[in-house]
Amino acid sequence: MFDGPLNHSIIGRAQDKGIIETDVHNLRKWTHDKHQVTDDYPYGGGSGMVMKAEPFFEAVDELREKNKGAKVVLMTPQGEPFCDAKARKLAKLPGLIILCGRYEGVDERVRLIADMEISIGDYVLTGGELPAMVLIDAVARLNPGVVKEAESTAKDSHAENLLEHPHYTRPPEFMGKKVPDVLLSGDHGKIEKWRREQSIIRTAERRPDLITRANLTNSEKELARRVTEKNHD
Ligand code: JAH
C-alpha cells in the first residue's frame with residue numbers, strides 16, 4: 001500500500017537523493033503466535049474488531065531505540081486536526097514513527113505510547129495508512145531540496161493562511177475565456193499586487209475561517225470585509 005506513493009515522483013526522488021528515508025513495518029512482526037494475530041474482539045461486545053495493544057508497544061520500543069529523537073504519531077479521526085503549521089513543526093524533528101490502525105480502532109492503551117494523535121479531516125477511512133501517507137508527503141516536501149528552490153514552500157497556500165491566486169498558462173484565450181490582461185502586461189509590480197488581491201478575495205469568499213488568521217494590512221482587511229459583506233446579502 002505504501003510502495004507506490006512513497007517511491008513515486010518528488011517523494012521517491014527525495015529518497016533516492018537521501019534527503020528523507022521511509023521504512024514500512026508490518027505490525028505482525030511484533031506478534032508471537034503462529035497466525036500473527038493483531039486484532040481481537042472488543043470487551044463489552046459489539047461488532048467489529050479492535051487492534052491489540054501489545055504489538056504496538058513492542059514495535060514502538062524497538063523503533064524508538066533505532067530512531068533517537070523521533071516522535072510517535074497515532075493517525076486517528078479523534079486526533080488534532082492536521083495543518084500547515086503542524087507539518088512545519090514535524091519537519092524539524094529527526095524522525096517520525098507513525099502508527100496506523102485498522103478495523104474499528106485501536107486499544108485505548110496504544111494512546112499511552114503516542115506523543116501525539118493527528119487527524120487529517122473529519123471523515124472515517126478503513127485505516128490510518130492513507131492519512132499516514134498524507135502526513136509523510138506534507139512533511140517530506142518541507143525538507144530543503146525536496147521541492148525545487150524556485151518553488152519555495154514559504155509562500156505555499158496555507159503557509160500564510162491564504163488560498164493561492166488563480167494560475168493561467170497558454171493559450172491566452174480558451175473557450176472564450178481570456179487570461180487576465182495584467183498577467184500578460186509584463187509589469188511584475190502590478191502582477192504581484194493583482195495576485196495578492198485575488199488571494200485575499202478567494203480566501204474571504206471560500207474560507208472565511210482562514211482570513212481571520214491571515215496577516216493583512218488595514219486596506220487588505222477592508223477588501224476582505226467588502227467581499228464578506230457582499231456574500232452575506
Ligand atoms: C480508520 C483506524 N482523519 C482521517 C482518518 C485517520 C484514521 C482513520 N480514519 C480516518 C482510521 C480506521 C481505523 C484509523
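Atoms within each ligand, like the ligands themselves, are counted from 1 in listed order.
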If a pair satisfies side chain to side chain donor-acceptor pair (under 3.5 Å) and one of its residues is in residues 184-195, list it, with sequence neighbours excluded.
K193-E197
Through direct or indirect side-chain contacts below 4.5 angstrom among Ile, Leu, Val, Met, Phe, Trp and Tyr, which residues connect to V227?
L162, I200, I201, I211, L216, L223
Tracing side-chain links under 4.5 Å among I, L, V, M, F, W and Y, which residues wind up in one group with V50?
none
Is T31 reaching over with its side chain to a backbone N or O of D33, donor-acceptor style, under 3.5 angstrom?
no
Check: every ligand 1 N/O to protein N/O pair under 3.5 Å:
unit_1   : atom_1 : unit_2 : atom_2 : d
ligand 1 : 3 (N)  : S119   : OG     : 3.1
ligand 1 : 3 (N)  : I120   : N      : 3.1
ligand 1 : 3 (N)  : G121   : O      : 3.2
ligand 1 : 9 (N)  : L125   : N      : 3.2

Hey, are R88 and D156 close enough for a salt bridge, meaning a charged N less than 4.0 Å from a carboxylate O?
yes
Could you tell me the separation between the CG atom of D137 and the CG atom of L142, rounded to the nearest 0.5 Å?
9.5 Å
